[in-house]
Amino acid sequence: MNTSPHDAIEQAAEWAVELDSTPSQDTKVAFQTWLSSDPEHQIAWQKINRFRQSYIDLKPHAAAVNVVQDTRQRQLTRRVFLERFMALGGLSIGAGLLANRSPVGDWLAQLPADQSTNVGEQRNILTTAGALHLNTYSAINMTEAENQITIELIQGELAFTTEQTSTNKQTIVCEQLKLYPHNANYALRRHQSGEYTVSVQKGHVTARLVGQERTIHAQQSLNITNHQFKDLVAAQPYAFSWIKGRLEASDISLDTWVAEISRYTHSYIHLDSSLNTLAVMGSFPLHSLAESYDLLQNALPVTVQSPLPYVTFIRPS
């Protein structure tokens with residue numbers, strides 16, 4: 001057999017559910033036959049077992065109500081699957097089979113912050129200078145004193161919608177980067193890679209690093225990599241559309257779309273590599289990923305399947 005790696009992972013996850021309770025002898029024999037039939041099966045099973053150990057203390061996410069159906073041997077009832085899923089510790093399959101985030105991880109990472117959001121959550125905070133928006137999986141510290149607002153972005157992404165009548169000054173801090181907005185609506189994103197992106201919707205923002213300064217005008221974005229300013233580029237619509245709960249895609253690649261949507265869910269989304277460069281256009285709701293998947297399938301020759309909680313596959317249709 002020549003099983004693909006992602007199919008092997010899917011099968012291994014199903015076997016983990018089957019074997020978690022007291023399996024019959026026939027089930028054990030069938031599992032051993034599957035395991036020995038392909039080297040990819042053995043690799044996948046080793047990875048699944050590492051996750052079973054890593055997530056033993058993790059409570060099941062609400063997505064666990066999506067019960068595995070039409071397994072090779074029988075359907076599992078919702079109650080039985082939830083019991084087994086809890087025993088697996090909330091099995092989560094991630095890029096490179098490494099789960100970066102969990103409900104527990106969210107809480108621990110954001111414990112010291114003044115304001116924070118979990119994965120998939122967004123928050124609006126009214127200040128004396130305007131509305132501060134926190135995107136998914138973000139955390140900030142904030143102080144307001146004497147017409148001065150200072151915000152430190154600890155992780156994730158923020159946006160600020162400035163009140164035109166406000167005389168309050170704003171300073172945004174993220175490690176060595178400092179932003180000084182001038183009647184601006186803007187967003188700052190701190191990527192997991194350590195890079196930053198500043199996007200301006202209106203007005204302008206002055207960005208400063210040690211020995212460097214750059215002005216970002218309306219509809220421009222600035223990327224900062226290795227503490228160096230890059231060239232100014234056109235701002236992407238989704239740099240601001242998340243404030244309204246939408247992912248606005250204007251001719252972006254499907255792998256970029258998946259990377260953006262993945263920020264709003266604990267699930268691992270596996271994209272078939274043959275689809276990476278498909279162009280995506282449209283408006284996708286961030287708080288109803290099922291609807292976003294339906295829109296994607298209607299717009300592109302793809303099929304979206306979720307055979308297990310926390311796992312979604314996007315494949316050619």
Side-chain angles (χ1 to χ4, degrees), residues 1-18 34-35 37-48 51 61 63-73 75-76 81 91-101 119-120 136 192 236-238 241-242 246-317:
M1 296 178 63
N2 294 309
T3 309
S4 67
H6 65 261
D7 285 343
I9 287 293
E10 179 181 341
Q11 294 169 18
E14 291 180 358
W15 276 117
V17 172
E18 285 291 323
W34 171 84
L35 187 64
S37 65
D38 192 325
E40 285 292 346
H41 295 172
Q42 299 171 31
I43 294 171
W45 184 245
Q46 292 171 1
K47 291 175 179 178
I48 288 295
F51 274 94
H61 189 270
V65 299
N66 297 319
V67 181
V68 176
Q69 294 185 342
D70 283 331
T71 57
R72 291 176 307 278
Q73 298 176 357
Q75 293 188 346
L76 301 178
F81 179 76
L91 181 63
S92 179
I93 303 172
L97 291 172
L98 177 65
N100 295 318
R101 300 170 299 189
V119 172
T136 177
Q192 290 187 336
Q236 288 284 352
Y238 59 74
S241 64
W242 61 264
R246 312 288 296 186
L247 172 61
E248 300 288 347
S250 177
D251 197 25
I252 63 174
S253 63
L254 184 53
D255 58 350
T256 298
W257 185 92
V258 168
E260 291 301 315
I261 284 290
S262 294
R263 300 172 62 203
Y264 300 88
T265 176
H266 285 285
S267 296
Y268 166 57
I269 305 174
H270 176 86
L271 174 65
D272 189 292
S273 60
S274 67
L275 304 174
N276 283 351
T277 59
L278 282 181
V280 182
M281 298 184 68
S283 180
F284 301 87
L286 295 174
H287 302 298
S288 177
L289 295 191
E291 183 179 346
S292 289
Y293 293 145
D294 286 343
L295 290 170
L296 187 71
Q297 291 179 107
N298 290 334
L300 296 176
V302 302
T303 299
V304 182
Q305 299 173 322
S306 297
L308 290 169
Y310 294 103
V311 183
T312 297
F313 293 97
I314 302 178
R315 297 165 169 153
S317 57

Check whether the side chains of R263 and T136 place a donor and an acceptor atom closer than 3.5 Å, and report yes or no. no

Is a donor from one side chain sitting under 3.5 angstrom from an acceptor on the other, for S253 and T277? no

Measure across S241 and R246 and return the closest heavy-atom pair with its distance rounded to 0.1 Å. OG-O, 2.8 Å

Can you see which heavy atom on V304 is nearest to which on Q297, and at what distance? N-OE1, 3.0 Å

Judged by atom type as modelled, is there a donor-acceptor pair below 3.5 Å linking the side chain of T312 to the main-chain atoms of I269? no

Rounded to the nearest 0.5 Å, what separates atom CD1 in I261 from atom CG in L247? 5.0 Å

Just verifying a value: how many Å separate T265 OG1 and L286 CG, rounded to the nearest 0.5 Å? 11.5 Å

For L300 and W257: C-alpha separation, side-chain torsions, deciding distance, then whether side chain to side chain contact (heavy atoms under 4.5 Å, CB included) applies. CA-CA 12 Å; L300 296 176; W257 185 92; over 6 Å; no

CG of L289 to CG of D294: how many Å apart, nearest 0.5 Å? 11.0 Å

In the structure I gave you, are the side-chain heavy atoms of T256 and V280 within less than 4.5 Å of one another anywhere? no

Check step by step if ring-ring contact (aromatic ring centres under 6.0 Å, His included) holds for Y264 and W242. CA-CA 10 Å; Y264 300 88; W242 61 264; 8.3 Å; no

Looking at every heavy atom in both D251 and A279, which two are closest together, and how far apart are they? OD1-CB, 3.2 Å

Rounded distance (nearest 0.5 Å) linking atom CD1 of I314 with atom OG1 of T303: 10.0 Å

At their closest point, which heavy atom of A249 faces which heavy atom of F284, and how far apart are they? CB-CE1, 4.1 Å

Identify the heavy atoms of P285 and S292 that sit nearest to each other, and give their distance. O-OG, 2.6 Å

Closest approach of Q236 and I252, non-hydrogen atoms and distance? OE1-CG2, 3.8 Å

